[in-house]
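Counting starts at 1 for both ligands and their atoms, in listed order. Being a predicted model, the structure only gives us computed values, none of them experimental.
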Amino acid sequence: MKKNLSAALLLLFVIFGSVVFLLFMPERFSSKPSSEEFYALGTFIRFQAWGENAPEALEAARISVQALENRFSLFSPSSEVEILNSAAGLEERLFSEESLFLFSKALEYAKRTKGAFDPTIGPLTQLWGIGTAKERIPSPEEIEKTLNLVDYQSFQIFPERGTAALPRKGQAVDLGAIAKGYAGDVVREVLGKHGISQALIDMGGNIVTLGNKPGGSPWRIGIQNPLEPRGKYLGILSLANASVVTSGNYERYFEKDGKRYHHIFDPFTGYPASQELLGVTVISPSSLEADALSTGLYVLGLSRGMQLATDLKGVEALFITSDRRVVGTPGTASIFTLTEESFSLEIR
Ligand code: AMP
Ligand code: MG
């Protein structure tokens with residue numbers, strides 16, 4: 001039974017796994033890494049760390065991710081997100097400091113992206129059911145009715161009382177675009193506290209790197225070619241001490257009458273965001289920021305997304321367009337190499 005489950009999880013990983021995957025140089029590492037692999041937050045997770053303390057550090061990191069899963073999962077009735085959603089339209093509820101932090105970070109990025117990233121997208125995600133057995137194209141009336149509930153400005157947080165609330169019945173928070181990113185930051189912190197200075201964290205394609213690769217050269221991270229099967233990359237990022245997160249229209253979708261319906265919604269139309277872009281990759285010291293922005297910039301589209309990415313300090317982004325261009329912010333010039341010749345590279 002357990003074996004079947006492992007096989008199923010492995011298969012899931014092969015199908016839905018890393019958007020971004022890792023390339024290792026044929027360079028000899030100074031020591032072998034310790035590693036930890038498990039399934040949590042709806043994805044296959046793989047940690048690698050170097051150093052004496054690595055096994056204990058990785059175990060502590062795994063436990064911290066599993067605790068986050070209990071706190072933020074949409075599927076567990078006891079998660080704090082479920083407590084918030086089930087009290088929508090009724091009353092304020094008390095939350096842990098960590099949940100209040102993540103709620104307020106989600107609101108911060110909703111404001112920064114002018115609502116393109118909206119954590120109150122829950123009713124819309126549920127209506128479309130993309131990636132579930134209930135996926136379907138809703139009627140325009142259903143979409144309009146549901147859109148009335150998507151409104152980050154009405155999501156209330158009262159830090160002084162330790163409470164939060166959704167004022168209208170039917171409203172729901174969905175942290176799917178930010179929770180994994182936050183978990184990446186938590187893992188980095190836990191590893192750091194255990195004295196780890198070189199590690200590679202892969203949470204279903206959300207990558208966090210600590211330090212340089214053993215040997216001193218930067219980590220090399222392949223960026224998925226959105227038009228090819230998983231594992232085919234179109235270029236390589238070389239970096240240290242950074243997080244890399246990609247959002248794309250090829251991660252979760254269904255097709256009907258030749259049209260693709262994917263899982264990143266435009267909160268203004270209620271439909272999957274325009275597919276002018278196939279994907280957006282964000283590089284930031286903060287994995288939470290990279291995750292929130294990869295979703296937000298995808299919704300904003302090339303022109304407005306590029307503007308915002310350029311304005312934000314410490315953030316770099318690569319936009320992959322449906323007409324086979326890779327458009328990068330100025331800072332990507334020194335860290336990104338295009339390897340797929342059917343795409344062209346523009347640095348703006
Ligand atoms: P990501 O893969 O990080 O781009 O996150 C996509 C997930 O975030 C979806 O599966 C939804 O659960 C949720 N989501 C979809 N559209 C939005 C949006 N506009 N703002 C915030 N979350 C979203
Ligand atoms: Mg995201």
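- Ring-plane geometry between Y298 and H262 is classed as perpendicular, the angle between the planes exceeding 60 degrees on a 0 to 90 degree scale with a lower cut at 30.
- Taking every heavy atom of P267 and a limit of under 4.0 angstrom, the matching atoms of ligand 1 come to 19 (N).
- Under the 6.0 Å cut-off for aromatic ring centres, F155 and F103 qualify, their centroids lying closer than that.
- Ring to ring, F254 and H263 are not that close: their centroids are 6.0 angstrom or more apart.
- The aromatic rings of Y182 and F72 stand perpendicular to each other, their planes meeting at an angle above 60°, with 30° marking the opposite boundary.
- In the vicinity of T125, heavy-atom distances shorter than 4.0 Å reach the ligand 1 atoms 11 (C), 12 (O).
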Less than 3.5 Å apart, which donor and acceptor atoms pair up between the side chains of residues 104-111 and the rest of the protein, not counting sequence neighbours?
unit_1 : atom_1 : unit_2 : atom_2 : d
S104   : OG     : L100   : O      : 3.1
S104   : OG     : F101   : O      : 2.9
K105   : NZ     : E108   : OE1    : 3.2
E108   : OE2    : R112   : NH2    : 3.3
Y109   : OH     : E289   : OE2    : 2.9

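- Each ring-ring contact (aromatic ring centres under 6.0 Å, His included) pair with one or both residues in residues 158-177, not counting sequence neighbours, would appear here, but there are none.
- In terms of the side chain to side chain donor-acceptor pair (under 3.5 Å) criterion, residue partners of R188 (sequence neighbours excluded) are, by chain and number, D185.
- Relative to the six-membered ring of Y261, K259 meets both conditions, a distance below 6.0 Å and an angle of at most 45° to the axis.
- The closest heavy-atom contact to atom 7 (C) of ligand 1, among the options G176, G115, G205, comes from G176.
- At under 3.5 Å, not a single nitrogen or oxygen of I121, backbone or side chain, sits near a nitrogen or oxygen of ligand 1.
- With ligand atoms numbered from 1 in the order given, ligand 1 contributes 1 (P), 3 (O), 4 (O) to contacts under 4.0 Å with heavy atoms of S247.
- Applying the 4.0 Å criterion to heavy atoms of A116 picks out, from ligand 1, the atoms 18 (C), 19 (N), 20 (N).
- Sorted by chain and number, the protein atoms of type N, O or S within less than 2.8 Å of the Mg ion (ligand 2) are A177 O, D291 O, D291 OD1, T295 OG1.
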Side chain to side chain contact (heavy atoms under 4.5 Å, CB included) between T209 and W219, intermediate numbers included: CA-CA 7 Å; T209 62; W219 301 101; 3.3 Å; yes
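- Any N or O atom pair closer than 3.5 Å counts here, and T246 shares no such pair with ligand 1.
- A side-chain donor-acceptor contact under 3.5 Å links Q198 to the backbone of N212.
- Short contacts between ligand 1 and D291, defined as distances under 4.0 Å to a heavy atom of the residue, involve ligand atoms 3 (O).
- Taking every heavy atom of D174 and a limit of under 4.0 angstrom, the matching atoms of ligand 1 come to 11 (C), 12 (O), 13 (C).
- In terms of polar-atom proximity, defined here as any N/O pair under 3.5 Å, I264 makes no such contact with ligand 1.
- Taking any N or O of A177, backbone or side chain, at least one lies under 3.5 Å from an N or O belonging to ligand 1.
- Heavy-atom proximity to R252, at under 4.0 Å, picks out these atoms of ligand 1: 10 (O).
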Derivation and outcome, side chain to side chain contact (heavy atoms under 4.5 Å, CB included), residues L308 and L297: CA-CA 8 Å; L308 178 60; L297 298 182; 3.9 Å; yes
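- Within the 6.0 Å centre-distance limit, the rings of F38 and F47 are counted as a close aromatic pair.
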